[in-house]
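Notes follow the structure.
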Amino acid sequence: MAAFTYAPAIVLLPFVSFLVALFLGDRMPKGGALAGIAATGGSLALSIWVALTVAGGGVYNEFVYTWVAGIESVTLRFGLLLDPLSALMLLIVTLISFLVHIFSLGYMNDEDETGLPRYYAGLGLFTASMLGFVVANNLLMAFMFFELVGLCSYLLIGFWFREDGPPSAAKKAFLVTRFGDYFFLIGVVGVVATFGTGLFAPITEGGEVVAQSFPVLAEHAVVDGETAGIAMLDTVGLGPQAWFTVLGLLVLGGVIGKSAQFPLHTWLPDAMEGPTPVSALIHAATMVAAGVYLVARMYGFYAISPTALAVIALVGGFTALFAATMGLVKQEIKQVLAYSTISQYGYMMLALGSGGYIAAVFHLTTHAVFKALLFLGAGSVIIAMHHNENMWDMGGLKDKMPVTYYAFLSGSLALAGILPFAGFWSKDEVLYEALIHGLGSEGGLATSYIVAYAMGLLAVFFTGFYTFRMVFLTFHGEPRTDTARDPHGVRWNVKGPLAVLGVLAATVGFINMKPVAELTGAHIDFLHAWLEGPEEGGWPAALVTDSHHYGELLHDVAGVSAGEPLGSIGTLLASAAVSLALAVAGAGLATTLYRGPDPVEHTDKLGSLKTLFMHNYYQDEYQVWLATGLTYPLARVMDKFDQGVVDGVVNGVSSVSLFSGQRIRRIQSGVVSNYATLLTLGLVLLLAAFGIIGGWF
Amino acid sequence: MIPVESYLLLSAAVFCIGLFGILTRKNALIFLMSVELMLNAANINFVAFSLQHGNLTGQVFTLFTMALAAAEVAVGIGIVLVLYRNFSDVDVTIPTTMRW
């Protein structure tokens with residue numbers, strides 16, 4: 001498989017562009033942009049090649065480099081796992097990154113920004129880290145690149161470090177995600193200590209498994225009771241399933257931080273301080289996607305734990321609704337998009353939690369396309385508006401920038417989930433999976449799924465509303481300021497990526513039209529087939545990362561089963577109809593309220609709710625309170641203890657020496673005769689002591 | 001043959017004379033001489049035991065001690081000279097500045 005031989009280059013090319021832009025960017029035309037474009041373009045081409053090879057039935061899971069060799073302990077090895085999931089993700093990341101690089105020519109270079117080499121170096125490293133994370137075949141390597149992604153987000157969000165906002169937002173993003181990563185780190189250590197391996201999929205040679213993966217080991221422990229090799233279980237004193245749930249939830253901490261799920265979502269809206277292309281990259285492909293991708297990557301581990309699944313589903317459903325309500329009242333275009341990102345990743349978590357592995361990957365794919373599009377569209381608007389982001393200062397941009405408008409509209413329809421745009425198909429599948437599994441499962445799992453589904457469904461309405469409020473305020477009506485009357489023009493490097501993504505946002509949903517497939521009986525749910533693999537043999541037998549296997553695990557171990565009260569097609573259509581109706585209703589309400597030449601603000605009608613939404617449910621205040629009101633006094637008490645008790649004991653001991661030293665030094669009189677006397681006296685005393693002990697007398 | 005106890009008594013006597021000189025006198029030159037006496041008391045011991053045991057180790061060691069004593073005197077005289085230059089006297093109780 002020649003494609004796999006060159007696969008490491010997918011990661012290395014953007015890394016090289018990082019080095020080139022950093023060290024030679026000053027001397028290059030466009031500040032190193034061309035190196036980045038070439039590198040991501042090359043990575044994109046290689047990713048396509050890899051995807052084609054995977055489509056032909058090839059998979060790859062090998063270690064390629066040993067970084068730290070441990071003696072009788074953990075060895076940090078870099079390896080590549082190329083299966084349909086990672087191949088798909090490679091395509092998404094490289095494509096978005098490539099387009100973002102081109103867009104940056106318009107957003108950064110044409111706007112005469114300074115520090116371009118630093119910017120392109122950051123983009124290159126960001127892409128390289130995310131690609132490294134995507135291809136990682138073990139948890140330790142994944143964690144490393146996960147952290148690198150966090151570092152790059154810090155560097156890029158704080159790009160305009162001379163202003164007040166960006167450095168603070170960058171620090172916040174870094175610290176909040178670090179807080180989640182702290183749990184992830186413990187989870188990684190726990191997994192490696194428990195299983196002795198962090199492999200996501202077994203490594204096979206000639207049909208023989210040479211290195212087993214931890215999800216498979218966990219599965220054997222839970223299903224077949226093979227816990228002999230897992231010494232950790234005796235140490236913690238928990239049953240295998242309970243302990244694996246704990247481990248899964250620890251890793252989930254990192255996911256919640258990176259994917260901006262409640263309660264660690266607060267960094268993401270602030271991250272809008274960064275350059276807009278960076279926001280597009282963070283939200284669509286690199287940083288925020290990493291969390292959801294991690295859950296999908298080790299889904300076999302979560303699929304055996306109903307508790308972890310329920311937590312994921314509830315966190316996802318709640319976040320979807322919670323973030324959508326905050327998006328309703330925002331005045332800045334990027335803020336609306338930021339909250340929609342949080343909300344959409346909530347949907348993916350909902351899908352993963354409720355057993356919709358394919359639905360989650362599908363929504364990840366479509367969201368990557370339309371959210372990148374929306375952010376780049378917003379970037380185009382921001383260029384036109386001379387970096388004013390307030391939607392109330394815009395209006396009427398439709399006629400002045402048609403390419404941006406139509407592309408943005410395509411992305412908005414996809415985001416709102418209107419037929420036949422991409423978001424409809426994926427969001428519908430997410431909700432459908434949550435619904436049928438909520439109806440079919442039993443006990444607490446069913447309750448949590450139904451609750452999560454209800455929250456997700458309600459969020460559809462809000463999504464439709466805030467999306468079209470944004471569209472109408474930005475593009476329709478009469479221009480409300482002079483800048484909007486005479487916007488700054490944009491060039492091909494802005495329009496090109498928008499056009500590509502605009503077309504994709506309308507069409508990418510066709511890769512998995514499940515309702516149509518069910519109705520017509522045609523096999524057009526390609527993503528389904530892609531992730532499920534061939535029925536007999538092939539890569540699923542070797543890697544055990546196919547959706548079919550996950551489905552079996554969910555059903556047999558976690559007790560997730562489907563219930564279809566209206567028959568399979570009836571339920572499918574009912575679910576689709578409900579979500580579409582809600583999306584249209586939301587969009588329709590926004591149309592009636594905000595269409596017209598001079599829309600007025602209706603948010604005051606929400607009364608105190610508006611204040612609540614505008615202040616983001618006081619989450620920031622609450623977290624600041626946690627820091628200053630709780631952690632800080634606690635730290636003060638600790639400091640007192642340290643300074644008073646610990647240091648007190650040490651100082652007390654030393655003060656004895658200090659005091660006695662002060663007294664005893666007086667015998668150093670400076671008179672030689674005294675010294676001689678003391679010496680003699682000492683000798684006599686010593687002799688006397690020896691005499692007494694030795695029994696001479 | 002004279003018994004070894006006699007030598008030891010002689011050595012103890014010489015040592016005590018040296019010690020007495022150091023403890024009671026204030027003249028730096030007397031100090032030096034007293035130290036020499038004490039060193040030679042030790043030398044007498046070495047030689048006496050060398051004879052007692054019938055080997056030469058003690059005598060060889062004595063040679064070393066003499067060389068050491070010579071070196072010590074060289075340094076000592078130097079110190080005494082500096083002492084005299086600074087205080088116009090060789091009384092060791094006058095310079096008391098080298099202390100805490």
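Chain A is the first sequence line, chain B the second, and so forth, proteins listed ahead of strands; every chain is numbered from 1.
Residue-environment remark: CZ (A:F159) exceeds the threshold of 12 foreign heavy atoms within 6.0 Å.
Between A:F15 and A:F18, the distance from one ring center to the other falls under 6.0 angstrom.
Within residues 13-35 of chain B, the residues having any heavy atom closer than 4.5 Å to a heavy atom of chain A are B:L19, B:I22, B:L23, B:R25, B:F31, listed by residue number.
In this structure, the side chains of B:L8 and B:N45 come closer than 4.5 Å at one or more pairs of heavy atoms. Between A:V192 and A:L139 there is no side-chain heavy-atom pair separated by less than 4.5 Å.
Panel note: side chain A:E147, backbone A:D181; no donor-acceptor pair is recorded below 3.5 Å.
Contact of A:T680 with chain B is made through the side chain alone, with heavy-atom distances under 4.5 Å.
Annotation: ring pair (Phe, Tyr, Trp, His ring centres under 6.0 Å) contacts involving residues 32-82 of chain B, sequence neighbours excluded, comprise B:F46-B:F61.
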